[in-house]
Amino acid sequence: MMQRKSVLAAVIAAVLLAVATGGTALGSSETTSRAASAVAATPGCGKAPTLRSGTHSIQSSGRTRSFILRIPDNYNNNNPYRLIFGFHWLNGTANDVDTGGSSGFTWSYYGLRQLANNTAIFVAPQGLNNGWANSGGEDLTFVDDMLRLIEADLCVDTTQRFAGGFSYGGGMSYALACARAAVFRAVAVYAGAQLSGCSGGTQPIAYIGLHGLRDNVLNISQGRSLRDRFVRNNGCTAQNPPEPAQGSLTHTVTAYSGCQSGYPVVWAAFDSGHTPGPVDGSTADDGARTWTKTVVWNFFNQFQGTNDTTPPTPPGTPGVTNVTATSATLTWTASTDQGGSGLAGYNVYRVTGATDPLLGQSTTNSIILTGLTANTEYQVYVRARDGAGNLSANSAFVAFTTTSTGGDTTPPTAPAGLAASGTTADSTNLSWTASTDDVGVTGYDILRAPGATGGTFAQVGTSATTSYNDTGLTPSTTYRYQVRARDAAGNLSPVSSTIQVTTSGGTTGTCTATPAVQSQWGSGYVIQPVTVTNTSTSTITNWTVTFTLPAGHTLTGSWNATVTTSGQTVTAKSVSFNGTLAPGASATSFGFQAGRPNGNTALPSGYTCTSA
């Protein structure tokens, strides 16, 4: 984690006095409304850049000022990028923000640089005397001057400028929210107060505030006051959002209702002190493990540029495997999206010489095409799509011919000797004796049903050999398994005998999982928190939550749980700091983000919880 010194009360008092009337108005060219300034292309778009990642100097208000710039490794001068400013705390430095201190890259720019994954330009300005007094508005002018320099040389989406900072840096971010609401899309204020002034302060801007209940440097009441200004400016419904109990070592995130469209306000209160990197279940200050970076990134990431016309890169040449009379598996090298709206998935087309029909869609870089015609040649290609609906150029074409039934209507024999071994709390190893076929066995389907009786067998995997490892199971749970063989003509064998497997996990308790939708946008959503409640009469020491993603949805991130996926089934397991719950106790235990086809409004379902 970055090393930092506390903001002393005497310093705060001096700062407040110094900036009480600070702040200068932007020039006329900078005071246009958001609607007027919503032009993606800056003068730097299309130019060969002269700026490079590293430290730069600039003249501002008669002084030499410096900042650190981080440009994406795969920078494309025709793609408008997000621009994110990270402001340091009192006695911190731009280098602290840029490097992430002792937490390293995982905490660079408060963790956002890692999560952006080369889709944003980052700036870490250096404050005078390692602070942000903003005397006479000089720090606001410094930001204006950096914007002019950067946007004249680099391609920036002017609807996607963001700022955030901790403590004094939070005060500077708040000053930008007050004075540059038409310039910045959103700000994140970590444990801030009105330390750098508030010139103007009447326009709406998307705002997220994060503050500790036990902050003994800048009391949480100061953070609430900053938040409430933008609750009013943004037309949100006034409320006293819930906050965690002291001693709970948890956090609560609340999205205000009733806000003007495009101007949300979010409040994240946590049971800890003066820190930007709290960790649930711990008093640690750890940029590698903190939940704040994901919450802030999700808040910023919901705002998509209005002018994303940059398509993803073309997928790699598809490879074809497991061709049968009615199906084939395609796999290709994944595309990348640099337009800001995110990679949404892939379309697979068949070449017909006229309009190429869509054979299927996938959110990953593989697909099993089904319903094909036997003894038929298919020439296919893949196109990637992004969240704005842009389609990539075609991949290279690939041709394959489905097998002929050849009059083969004889199925393989049923697999024999199905057995399980090495069963743990979340996995089991299956093995069986090979089937025989008059032409040849091409593979096996693994079927699973819940419980010792009842339930429906469903396919959970395939194997080209006579063994299979089934993972992502729930502790202390019984399952039944069957296996069947298939041949090249698509004939299926009878199922094998049924075996029963019970995972380990100790004494099973009872719990429930209740999800809350934090935010949604066209191509994705964030579910947070998922509240786990111990409904048993004894303490539980771990829990496992399972739920089902709708078809076409894919998990893109999670926090405060160990998460695995099997098809559309997601399994989330408690981690060391949130698994223990007393009888009747609840915890806002974990959260996740998922992508979905643009316009699809379905949400996950079937949440179940087991415990031990």
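As the structure is a computational prediction, the values presented were derived from the model and not from experiment. For this chain, numbers begin at 1 and follow the sequence in order.
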Colleague: Using only atom types and a distance under 3.5 Å, with no angle test, would you say the side chain of N542 pairs donor to acceptor with the backbone of G579?
Modeller: no

Colleague: Could you list the residues that satisfy salt bridge (Lys or Arg N to Asp or Glu O under 4.0 Å) with D280, not counting sequence neighbours?
Modeller: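 So D280 forms no salt bridge (Lys or Arg N to Asp or Glu O under 4.0 Å) with any residue.
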
Colleague: If I compare all heavy atoms of Y174 with all of G197, which pair ends up nearest, and what's the gap?
Modeller: CD2-O, 4.1 Å

Colleague: Classify the side-chain pair T93/D96 by whether it contains a donor and acceptor separated by less than 3.5 Å.
Modeller: yes

Colleague: Say whether Y168 and H88, considering side chains only, have a donor N or O and an acceptor N or O under 3.5 Å apart.
Modeller: no

Colleague: Between F230 and Y207 (judged by ring centroids, cut-off 6.0 Å), do the two rings come close enough to count as a pair?
Modeller: yes

Colleague: Taking all non-hydrogen atoms of both residues, which atom of F142 and which atom of P125 are closest, and how far apart?
Modeller: CE2-CB, 3.7 Å

Colleague: May I ask you to check whether N117 and T119 show a side-chain donor-acceptor distance below 3.5 Å?
Modeller: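 No pair is found: no donor N or O on one side chain lies under 3.5 Å from an acceptor on the other.
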
Colleague: Are N76 and Y81 side-chain neighbours, meaning at least one heavy-atom pair lies under 4.5 Å?
Modeller: yes

Colleague: Do any N or O atoms from the side chain of T313 and from the backbone of T336 form a donor-acceptor pair under 3.5 angstrom?
Modeller: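 Looks like yes, one N/O pair under 3.5 Å.
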
Colleague: Please confirm whether F85 and Y109 have ring centers closer than 6.0 angstrom.
Modeller: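 No; Y109 has its ring centre 6.0 Å or more from that of F85.
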
Colleague: Testing T254, N234, I208 one by one against V265 for a side-chain contact (heavy atoms from CB on, under 4.5 Å), which residue passes?
Modeller: N234

Colleague: Quick check on R214: does its CZ atom have over 12 non-hydrogen neighbours (other residues, nucleotides or ligands) under 6.0 Å away?
Modeller: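 Count over threshold, so yes.
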
Colleague: Give a yes or no answer on whether the side chain of Y110 reaches the backbone of G277 with a donor-acceptor pair at less than 3.5 Å.
Modeller: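 No, because the side chain of Y110 does not come within donor-acceptor range (under 3.5 Å) of the backbone of G277.
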
Colleague: Strictly distance-based, threshold 3.5 Å: is any side-chain N or O of Q222 a donor or acceptor partner for the main-chain N or O of N219?
Modeller: yes

Colleague: Sequence neighbours left out, what passes side chain to side chain contact (heavy atoms under 4.5 Å, CB included) with D228? Give chain and number order.
Modeller: V231, R232, Y256

Colleague: In Å, rounded to the nearest 0.5 Å, how long is the span from OG of S135 to CG of N129?
Modeller: 9.0 Å

Colleague: Which atom pairs, one a donor and one an acceptor, fall under 3.5 Å between side chains of residues 238-245 and the rest of the protein, sequence neighbours left out?
Modeller:
from, atom 1, to, atom 2, distance (Å)
E243, OE1, R224, NH2, 2.8
E243, OE2, R224, NE, 3.2
E243, OE2, W267, NE1, 3.0

Colleague: Is the shortest heavy-atom distance from the side chain of V143 to the side chain of D139 under 4.5 Å?
Modeller: no

Colleague: Quick one: pull up CZ in R185 and CG in D157 and give me the separation to the nearest 0.5 Å.
Modeller: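 The distance works out to 11.0 Å.
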
Colleague: Who are the side chain to side chain contact (heavy atoms under 4.5 Å, CB included) partners of A120, not counting sequence neighbours?
Modeller: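 Applying side chain to side chain contact (heavy atoms under 4.5 Å, CB included) to A120 gives R82, I84, A116, F122.
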
Colleague: Quick one: does K47's side chain have a donor or acceptor within less than 3.5 Å of a partner on A152's backbone?
Modeller: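 Looks like yes, one N/O pair under 3.5 Å.
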
Colleague: What pairs of donor and acceptor atoms, side-chain ones from residues 55-62 against any protein atom, are under 3.5 angstrom apart with sequence neighbours left out?
Modeller:
from, atom 1, to, atom 2, distance (Å)
H56, NE2, R52, O, 2.6
Q59, NE2, T64, OG1, 2.6
S60, OG, D145, OD2, 2.7

Colleague: Below 4.5 Å, heavy atoms only, C-beta onward: do C178 and Q203 meet side chain to side chain?
Modeller: no

Colleague: With the side chain counted from C-beta on, respond yes when N578 and T250 share a heavy-atom pair under 4.5 Å apart, and no when they do not.
Modeller: no

Colleague: Give, for atom CZ of R63 and atom OG1 of T141, the distance between the pair rounded to the nearest 0.5 Å.
Modeller: 12.0 Å

Colleague: Going by side chain to side chain contact (heavy atoms under 4.5 Å, CB included), name the residues that satisfy it together with D215, two or more places apart in sequence or in a different chain.
Modeller: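 Scan of D215 (side chain to side chain contact (heavy atoms under 4.5 Å, CB included), adjacent residues dropped) gives A191, H211, V217, L218, H274.
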
